[in-house]
Number of protein chains: 2
Amino acid sequence: MFSQSLAPNTTQPAVYLRAPGADRGEELDHGLARASLRKIAVGEHAFLEGAPRSYIFKVESGALALYRSLGDGRRQVLGFGFDGDLIGLGARKCHLVGAQALKPTTLRCLPVPQLKQMINANPGLAARLYEAISEELADAQDRFFNVSQRRAIERVAFFLQKLSHRNEARGADPRVILLPMSRADIGDYLGLTLETVSRTLSELRAKGYICLKESRVVQLRNLNALNELVDSASDDVE
Amino acid sequence: MFSQSLAPNTTQPAVYLRAPGADRGEELDHGLARASLRKIAVGEHAFLEGAPRSYIFKVESGALALYRSLGDGRRQVLGFGFDGDLIGLGARKCHLVGAQALKPTTLRCLPVPQLKQMINANPGLAARLYEAISEELADAQDRFFNVSQRRAIERVAFFLQKLSHRNEARGADPRVILLPMSRADIGDYLGLTLETVSRTLSELRAKGYICLKESRVVQLRNLNALNELVDSASDDVE
DNA sequence: AACTCATTTTCACAAATTGACACAATCTGT
DNA sequence: ACAGATTGTGTCAATTTGTGAAAATGAGTT
């Protein structure tokens, strides 16, 4: 009845489908290095929902929100694209999500026909893309069960934890989180209103878990407490 | 302010990354046809959460629930595997989800090393897997925004609509839905309690949208109303 | 510096949804 | 036919979050 946490979704070697000795992405990086650069301003789109998938992108700098529009004008943010991320992946002919810049952003743009060529020349690349997208899937599933049944404070804690882990993985400080997105974006991501996000952040601050000097800079003061908040699937055993 | 529904996520040709003339899955099917069959009884697992990914599976008959356990013993059902589905995909070394049979189920089991061999021999296969998993991703995103912000009745309507579409895609009657899973499973899938699922189905019946002769057989009486329920992202413009 | 606009924080209030518990009814399989 | 599992309903409460509004903060501009 307790959280035994059976060695969960920490990063695992993700090489299973990749043929030994095959391309490990070097060619993709190489291709991307020569791909054209594109700069987009805040509010502009890398691609719109439903637009034909002509390119895949790698975020060089900046940040984007990946979203889908709901009927009534609201939107569901499905994720964010930060520097280093590949975005625009998928097998459909058209983008299922839109990608809008949250700050000035530069992208490497690799035309899909060229990507196809590269895949033909080096089949290992397909495995690389497969990995990238299955990570996205794992991520989506993670978010799914951290949002569908949980309260605002747990959702926000999850969000912060996620960004912290990301920092960690990239050698940045896991205790300082820079938010390129607004409270509204976070709300659309977590299924909350922006007021609730704000209120919840204040609550976390009041509890001493975080520190908010500037509204877009979060310092994690008590990482353990945050993690417990995320892990506690209502074992309110206090 | 209205639902313009810009030609959304209906199925699109999903051949973009696939090299022209490449394998369209025939080899995978061929390999699977020769793969060993495995029968599992209700309640047994095709694979457990966290178990090494030794095989990928194709569901020949039956149905499975794909789930992840939460800390307190509850679980989040992330999806279901029906006949024809490939399950066990992913790039991680271990399964992130468990797969438990909801009814007697038979599976084709393709060992991953063999899959790797096949991919080496026929690189187009990787593209096939890529497609399969990006469909899963699209699916997860769909579910995500149909669950995170919405009420029980909308969630249940979404669930039924989804199964109806699946039937349609496979040539079955889109108006008759056989549920291999219990109310509890549905609840775990939609982030509701089983009581709420039951109550909500009754409500849908009371409204004349559905018909429940046997508890595991749903007849959709008013498909339009159901679709509106799903689409209506609270345009309660009434 | 002053002003404007956008973002964020905070407050007060309602209230609607769903979970919880309990029990009846129904179904299933042996 | 019986026992156990699953499902349907009823009542109840209460917790959470949305809503609306307004103040505070911050950024950018002239």
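Heavy atoms only: backbone and side chains are in, while hydrogens, waters and symmetry mates are out. If you're wondering where the values come from, they're calculated on a predicted model, not measured in any experiment. Below, chain A is the first sequence line, B the second, and so on; all start at residue 1.
- Each of A/K213 and A/R155 has a nearest nucleotide on DNA chain D; the 5'-most of these lies closest to A/R155.
- Picking from D/dT7, C/dT7, D/dG18 the nucleotide with the shortest atom distance to the side chain of A/R216 gives C/dT7.
- Using a cutoff of 4.0 Å between basic side-chain nitrogens and carboxylate oxygens, A/R183 and A/E195 are not scored as salt-bridged.
- The side-chain heavy atoms of B/L89 and A/L137, taken from C-beta on, include no pair separated by under 4.5 Å.
- Taking NZ of B/K58 as the start and CD1 of B/I87 as the end, the distance is 12.5 Å to the nearest 0.5 Å.
- Nucleotide C/dG19 holds its C1' atom 8 Å from the CD atom of B/E195, rounded to whole Å.
- Among the atoms of the strands shown, only primed sugar atoms or phosphate atoms (P, OP1, OP2) are found under 4.0 Å from some heavy atom of B/G191.
- Comparing the helix axis at one end of the helix from C/dA1-D/dT30 to C/dT30-D/dA1 with that at the other, each defined from 5 consecutive pairs, gives an inter-axis angle of 50° (nearest 10°).
- The listed nucleotides are C/dT7, D/dG8, C/dT10; the one nearest the side chain of B/R205 is D/dG8.
- For the pair A/R183 and C/dT9, the criterion of a side-chain N or O lying under 4.0 Å from OP1 or OP2 is met.
- Straight-line distance from the CG atom of B/D188 to the P atom of C/dG19: 11 Å, rounded to whole Å.
- Following rounding to the nearest Å, A/R150 (CZ) and D/dT15 (P) show an atom-to-atom distance of 19 Å.
- Qualifying ring-ring contact (aromatic ring centres under 6.0 Å, His included) partners for A/F144, counting only residues two or more places apart in sequence or in other chains: none.
- Ring geometry for A/F47 versus A/H95: interplanar angle under 30°, hence parallel rather than tilted (30 to 60°).
- Contact annotation: the side chain of A/V59 approaches that of A/L107 to within less than 4.5 Å [non-hydrogen atoms, C-beta and beyond].
- The side chain of A/R151 lies closest to D/dT17 when the candidates are C/dT18, D/dT17, D/dT7.
- Atoms CG (B/L192) and C1' (C/dT17) sit 11 Å apart, rounded to a whole Å.
- No option in A/R75, A/R143, A/Q76 other than A/R143 meets the side chain to side chain contact (heavy atoms under 4.5 Å, CB included) test with A/Y189.
- Per the geometry, CG belonging to B/L212 stands 10 Å off C1' belonging to D/dG8, to the nearest Å.
- Rounded to whole Å, atom C1' of D/dT7 lies 16 Å from atom CE of B/M181.
- C/dT18 atom C1' lies 14 Å from atom CG of B/L190, rounded to whole Å.
- Near DNA chain D, meaning a heavy atom under 4.0 Å from it, residues 196-203 of chain A has A/T196, A/R199 in order of number.
- A salt bridge does not link A/K162 with A/D142: none of the charged nitrogens is closer than 4.0 Å to a carboxylate oxygen.
- Side-chain nitrogen and oxygen atoms of A/S182 include none within less than 4.0 Å of the OP1 or OP2 phosphate oxygen of C/dT7.
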